There are 2 protein chains.
Amino acid sequence: MKSRLKLLRAEHGLTQADLGERVGVSRQAINAIETGKFEPSLGLAWRLARHFGHPIEQIFDFSDELEGEQP
Amino acid sequence: MKSRLKLLRAEHGLTQADLGERVGVSRQAINAIETGKFEPSLGLAWRLARHFGHPIEQIFDFSDELEGEQP
DNA sequence: CCTGAAAGTCAGGTTTGCTTGACTTCTGTC
DNA sequence: GACAGAAGTCAAGCAAACCTGACTTTCAGG
């Protein structure tokens, strides 16, 4: 999973602590997501997407993790 | 959080076990999500959304959980 | 060079997403 | 009414998503 979170946050001139505060998580959580330590929950992803005014899929991209999903 | 998962699954004529198999989780997981026991991870939400061809926000709706997010 | 703010990292702990296995309840069909 | 398949539920366990608190690294300005 790759995210555009770091980019978006920079564009909005926010610090990790700032963003964390606004979406209700710790600054370490934001940092961990940006550095790929883990993925956000659906609720957090939703709040982040809403905060930046973008759809979730446009911020968090899983399209490189296509396994056995027979179409 | 309310989801349209049960509805979409019914529209596609799938059983909980079927759907679970296609997105890579157990049938109990699908059931728990449909009955509101817990929320899916972002990865699972992404796979479900992709499987039904809808954006995540259109399937899982958090808009009733708006707390202190100063716009 | 110093300082301070921001970012990054680690340990330890709690909560939640998800598993398997087993059991019960609901719904239809014969 | 019996049977089967689907849905629902519970317990026990593991892994991932958070938390707090503390520490180190990076880097721009004075």
Side-chain angles (χ1 to χ4, degrees), chain A residues 1-52 54-71, chain B residues 1-70:
Chain A
M1 197 272 304
K2 36 187 175 178
S3 86
R4 290 184 20 202
L5 190 58
K6 196 166 187 168
L7 180 68
L8 284 170
R9 183 176 57 80
E11 281 177 9
H12 286 246
L14 292 171
T15 144
Q16 292 179 343
D18 275 344
L19 183 55
E21 199 174 334
R22 304 205 188 192
V23 297
V25 295
S26 68
R27 68 171 195 85
Q28 287 93 334
I30 300 292
N31 183 76
I33 292 167
E34 286 188 354
T35 57
K37 296 274 163 59
F38 53 73
E39 300 170 359
S41 68
L42 181 57
L44 177 52
W46 199 90
R47 275 175 270 147
L48 287 166
R50 187 172 184 279
H51 186 265
F52 289 122
H54 288 22
I56 294 179
E57 283 94 341
Q58 217 168 51
I59 302 183
F60 304 100
D61 185 19
F62 286 78
S63 55
D64 48 346
E65 296 173 24
L66 303 180
E67 277 174 45
E69 263 182 88
Q70 49 267 30
Chain B
M1 197 270 306
K2 38 187 175 178
S3 86
R4 290 184 19 204
L5 190 57
K6 196 167 187 167
L7 180 67
L8 284 169
R9 183 175 58 81
E11 281 177 11
H12 287 245
L14 292 172
T15 141
Q16 293 179 343
D18 277 342
L19 182 55
E21 199 174 335
R22 303 205 187 192
V23 297
V25 294
S26 68
R27 69 170 193 87
Q28 288 91 335
I30 300 291
N31 184 75
I33 292 167
E34 285 187 354
T35 57
K37 296 272 162 59
F38 54 71
E39 301 171 358
S41 69
L42 181 57
L44 177 53
W46 200 89
R47 274 174 272 148
L48 287 166
R50 186 170 184 282
H51 185 265
F52 289 122
H54 290 350
I56 295 180
E57 283 94 340
Q58 219 168 65
I59 302 183
F60 303 101
D61 186 17
F62 286 77
S63 55
D64 49 347
E65 296 174 21
L66 304 179
E67 279 177 41
E69 263 183 87
Q70 51 267 30

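Convention: sequence-line order gives letters A, B, ...; per-chain numbering from 1. Since the model is a prediction, treat every value here as computed from it, not as a measurement.
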field: Distance, rounded to the nearest Å, where Gln28(B) contributes CD and dT24(C) contributes P
entry: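 Distance, rounded to whole Å: 16 Å.
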
task: Could you check how far CG of Leu48(B) sits from C1' of dC18(C), rounded to whole Å?
output: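 Answer to the nearest Å: 13 Å.
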
Would you call [X] and [Y] a side-chain contact if the rule is heavy atoms closer than 4.5 Å?
X	Y	answer
Phe52(B)	Val23(B)	no
Ile56(A)	Trp46(B)	no
Phe62(B)	Glu39(B)	yes
Asp18(B)	His12(B)	no

field: Value rounded to 0.5 Å, distance of NZ in Lys2(B) from CD1 in Ile59(B)
entry: 15.5 Å

- prompt: How far does CG of Leu5(A) sit from CG of Leu19(A), to the nearest 0.5 angstrom?
  reply: 6.0 Å

query: OP1 or OP2 of dG8(C) sitting under 4.0 Å from any side-chain N/O of Gln16(A)?
result: yes

- prompt: Would you say a side-chain N or O of Lys6(A) is under 4.0 Å from OP1 or OP2 of dA6(C)?
  reply: no

message: What residues from residues 30-44 of chain A pass a heavy-atom cutoff of under 4.0 Å to DNA chain C?
response: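 DNA chain C contact set from residues 30-44 of chain A: Asn31(A), Lys37(A).
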
query: Hey, does Ser26(B) reach any base, or is it just sugar-phosphate, or nothing, if we go heavy atoms under 4.0 Å?
result: base

task: Please list, in 5' to 3' order, the outermost nucleotides of DNA chain D lying under 4.0 Å from any heavy atom of chain B.
output: dA7(D) to dT9(D)

- request: Without swapping roles, check the side chain of Arg27(A) against the backbone of Gly20(A) for a donor-acceptor pair under 3.5 Å.
  value: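 No, the answer is negative, given that no donor and acceptor are paired below the 3.5 Å cut-off.
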
message: Given Asn31(B), which partner from the list Gln16(B), Lys37(B), Lys6(B) fulfils the side chain to side chain donor-acceptor pair (under 3.5 Å) test?
response: Gln16(B)

